[in-house]
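Numbers restart at 1 for each chain; the letters A, B, ... are given by sequence-line order, proteins then strands.
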Amino acid sequence: MTNPESREVRSALLRWYASRKRDLPWRRTSDPYAIWVSEVMLQQTTVSAVIPYYERWLDAFPDIRTLARSPLQKVLRAWQGLGYYARARNMHRAAKEIVRRFGGRLPVEAEALRALPGFGPYTTAALLSIAAGRPIPVIDANVRRVMMRLLEIRGGADSRTEAEIRTALETLISRRAPGRFNQAMMELGALVCRARNPRCLSCPVRGECRACRLGIQEVIPAPRKTTVTKQEAVVAVIRDGGRVLIQKRPPAGLLAGLWEFPGGKREPGESLRAALAREVREELGVELAAARPLVMVKHAYTRFLVTLHAFDGRLSKKDLGRLRKQTDRSRRRWVSLSALRRYPLPSGSVKIAEYLQDVDFSPVFP
DNA sequence: AAGACGGGGAC
DNA sequence: GTCCCAGTCTT
């Protein structure tokens, strides 16, 4: 069996890309900053999810200087619902550094770029090839899958195969149009050489693909094993007049820096109400006087499925007064439902907030 | 080398 | 339900 012929693959791929590529917003610009934004948003995130965020982001933060001087809160709010919030924090940090050290312009040296927060191997290569025409191959999930099939590299899509793929790509990449080549590889992976149900009959390089010739394209790369666990969490919506109590999550870890209603996970064997009372006691230092079920919301993360049970929580007048006084505004705030829209919330909390808006939230307590 | 880190969409 | 996605950072 012969190995793929580089010249053949390269030219067929670029021809295919020229005629079949999607018309995407970030393909209409040559602004390195806009390219950067798109590359970061597209990490582990589908094109359709990114498009509206990309447009809104560039409206809100049209250039690096604007991004650098915007408050983190506003930056996170623009990212709300996209996930992996470290990406937004890192872009914000990188923007500040680019203003300070490079006069607000993205550097085009690999070392300088790679040292910026959020610039790993992929993003660095993408920027250098697409925005600066440097012949550096990108390796993302698409490229990895395409190359594993093309070269018949069996096994899972892990870092062990990285070196072999990189070596092959050094030969394969177009020196004339490295940015287009890289995007063509990713586009092929997204539209044709898909993880499931690849459309090999429509593939421009099927004649050079070892996996296709052997009919094993469906099992390369090998599917990975996953276990999804279920969790239940309780949430207390505590009201003071027209305002509700929210608190800020810690600066590191899951959903870092986002705001949410007080609450937490239910322990094994614990009732929902007991969990609610415990969380309120632990987090706010007050006793819940009463709780009325409000709404149940399911939210799926990658490795676990959370059911959020939101309660209308009521405190005694004394506790409410105490809480109102001792509230530390950097961590805990009373906000109206309309002001809540300015705070970055996890998607599960957004669902609860939307419910509160919809029912014109007004507890039935006497 | 392995795990943490979100969310939505395809099937 | 399951699997995956234009990855990066930390341990």
Side-chain angles (χ1 to χ4, degrees), chain A residues 17 21-22 24-27 34-54 76 79-91 93-94 113-131 137-146 156-162 179-191 193-198 218-219 221-230 249-258 260 297-306 344-351:
Chain A
Y17 182 66
K21 70 177 176 188
R22 290 168 290 181
L24 302 175
W26 43 90
R27 289 186 177 152
I35 310 262
W36 173 31
V37 172
S38 74
E39 292 301 342
V40 175
M41 285 189 172
L42 285 162
Q43 290 169 15
Q44 302 290 290
T45 310
T46 54
V47 165
S48 60
V50 165
I51 289 175
Y53 283 88
Y54 173 84
L76 286 173
W79 205 270
Q80 174 180 288
L82 213 43
Y84 287 124
Y85 297 92
R87 294 182 291 175
R89 298 170 161 284
N90 285 337
M91 276 224 287
R93 284 171 54 210
L113 224 41
R114 184 68 176 82
L116 291 168
F119 279 80
Y122 169 80
T123 306
T124 304
L127 255 292
L128 289 172
S129 63
I130 298 171
V138 300
I139 302 179
D140 75 326
N142 288 307
V143 176
R144 196 173 291 116
R145 185 173 57 252
V146 170
D158 52 48
S159 51
R160 279 192 289 277
T161 60
E162 193 85 359
R180 259 187 293 151
F181 173 88
N182 282 337
Q183 293 184 79
M185 286 289 289
M186 295 189 281
E187 191 78 338
L188 187 70
L191 300 183
C193 197
R194 308 180 302 184
R196 279 176 298 192
N197 303 322
E218 301 271 4
V219 295
R224 60 177 94 142
K225 49 190 180 291
T226 56
T227 48
V228 175
T229 59
K230 294 184 177 176
R249 293 181 61 92
L254 190 69
L255 305 166
L258 272 62
E260 64 184 8
V297 158
K298 284 184 186 298
H299 188 66
Y301 292 75
T302 301
R303 276 171 205 78
F304 49 94
L305 178 69
V306 182
L345 313 176
S347 288
S349 303
V350 169
K351 291 175 190 169

Would you mind classifying the nucleic acid contact of A/Leu255 as base, sugar-phosphate or nothing, using non-hydrogen atoms under 4.0 angstrom?
-> sugar-phosphate
Atom-pair distance (CD1 on A/Ile51; C1' on C/dC5), nearest Å | 15 Å
Let me know the distance between CG of A/Leu305 and P of C/dC3, rounded to the nearest Å.
-> 15 Å
Under the 3.5 angstrom rule, does the side chain of A/Tyr85 hit a backbone N or O of A/Gln80 as a donor-acceptor pair?
-> no
Touch check for A/Arg89, heavy atoms < 4.0 angstrom, all strands: base, sugar-phosphate only, or nothing?
-> nothing
Does C/dC5 have OP1 or OP2 sitting under 4.0 Å from an N or O in the side chain of A/Tyr84?
-> no
A/Arg196 (side chain) and C/dC3 (base): donor-acceptor pair under 3.5 Å | yes
Base, sugar-phosphate, or nothing: which does A/Trp36 touch, judged by heavy atoms less than 4.0 Å apart?
-> nothing
Is the backbone N or O of A/Met41 less than 3.5 Å from a side-chain atom of A/Arg87, with the two atoms forming a donor-acceptor pair by type?
-> yes
Provide, to the nearest angstrom, the distance between the CZ atom belonging to A/Arg180 and the C1' atom belonging to C/dA6.
-> 18 Å
Options B/dG8, B/dG6, C/dA6, nucleotide nearest the side-chain atoms of A/Ser347 | B/dG8
Atom CG of A/Asp140 to atom P of C/dA6: distance rounded to whole Å?
-> 6 Å
Sorted by chain and number, sequence neighbours left out, ring-ring contact (aromatic ring centres under 6.0 Å, His included) with A/Phe119 holds for A/Trp36
Between A/Ser38 and C/dA6, is there a side-chain N or O to OP1/OP2 distance below 4.0 Å?
-> no
With the side chain counted from C-beta on, respond yes when A/Met185 and A/Asn142 share a heavy-atom pair under 4.5 Å apart, and no when they do not.
-> no
Tell me whether the OP1 or OP2 atom of B/dG6 has a side-chain N or O from A/His299 closer than 4.0 Å.
-> no
Roughly how far apart, to the nearest Å, are C/dC9 and B/dG8 at atom P?
-> 24 Å
Phosphate oxygens OP1/OP2 of C/dC4: is one of them under 4.0 Å from a side-chain N or O of A/Thr46?
-> no
Let me know the distance between CG of A/Leu191 and P of B/dA10, rounded to the nearest Å.
-> 13 Å
With respect to the side chain of A/Arg87, which nucleotide from B/dG6, C/dA6, C/dT8 is positioned closest?
-> B/dG6
Base, sugar-phosphate, or nothing for A/Lys351, non-hydrogen atoms under 4.0 angstrom?
-> nothing
Please report, rounded to the nearest Å, how far the P atom of C/dC5 is from the CZ atom of A/Arg22.
-> 13 Å
Rounding to a whole Å, what distance do you find between A/Leu116:CG and C/dC9:P?
-> 10 Å
Give a yes or no on this: more than 12 heavy atoms of other residues, nucleotides or ligands lie within 6.0 Å of atom CZ of A/Arg180.
-> no
Between P of B/dC5 and CH2 of A/Trp79, the distance in whole Å = 18 Å
So, is A/Arg194 near the phosphate of C/dC5, with a side-chain N or O under 4.0 Å from OP1 or OP2?
-> no
Counting any heavy atom closer than 4.0 Å, what does A/Gly189 reach on the DNA or RNA strands: base, sugar-phosphate only, or nothing?
-> nothing
If only atom types and distance count, is the side chain of A/Arg249 paired as donor or acceptor with the main-chain N or O of A/Glu260 below 3.5 Å?
-> no
Between B/dA4 and C/dA6, how far apart are the P atoms? Round to whole Å, please.
-> 23 Å
If you pin A/Pro221 and A/Ile139 to their nearest nucleotides in DNA chain C, which one's is more 5'?
-> A/Pro221
Could you tell me whether A/Ala141 contacts a base, only the sugar-phosphate backbone, or nothing, with contacts defined as non-hydrogen atoms closer than 4.0 Å?
-> sugar-phosphate
A/Lys298 side-chain N/O to B/dG8 phosphate OP1/OP2 under 4.0 Å = no
Side chain of A/Arg114 (C-beta onward), nearest among C/dG7, B/dC5, C/dC9 | C/dC9
Heavy-atom distance under 4.5 Å between the side chains of A/Tyr122 and A/Val143, does that happen here?
-> no
Does the side chain of A/Gln44 get closer than 4.0 angstrom to OP1 or OP2 of C/dG7 through an N or O atom?
-> yes
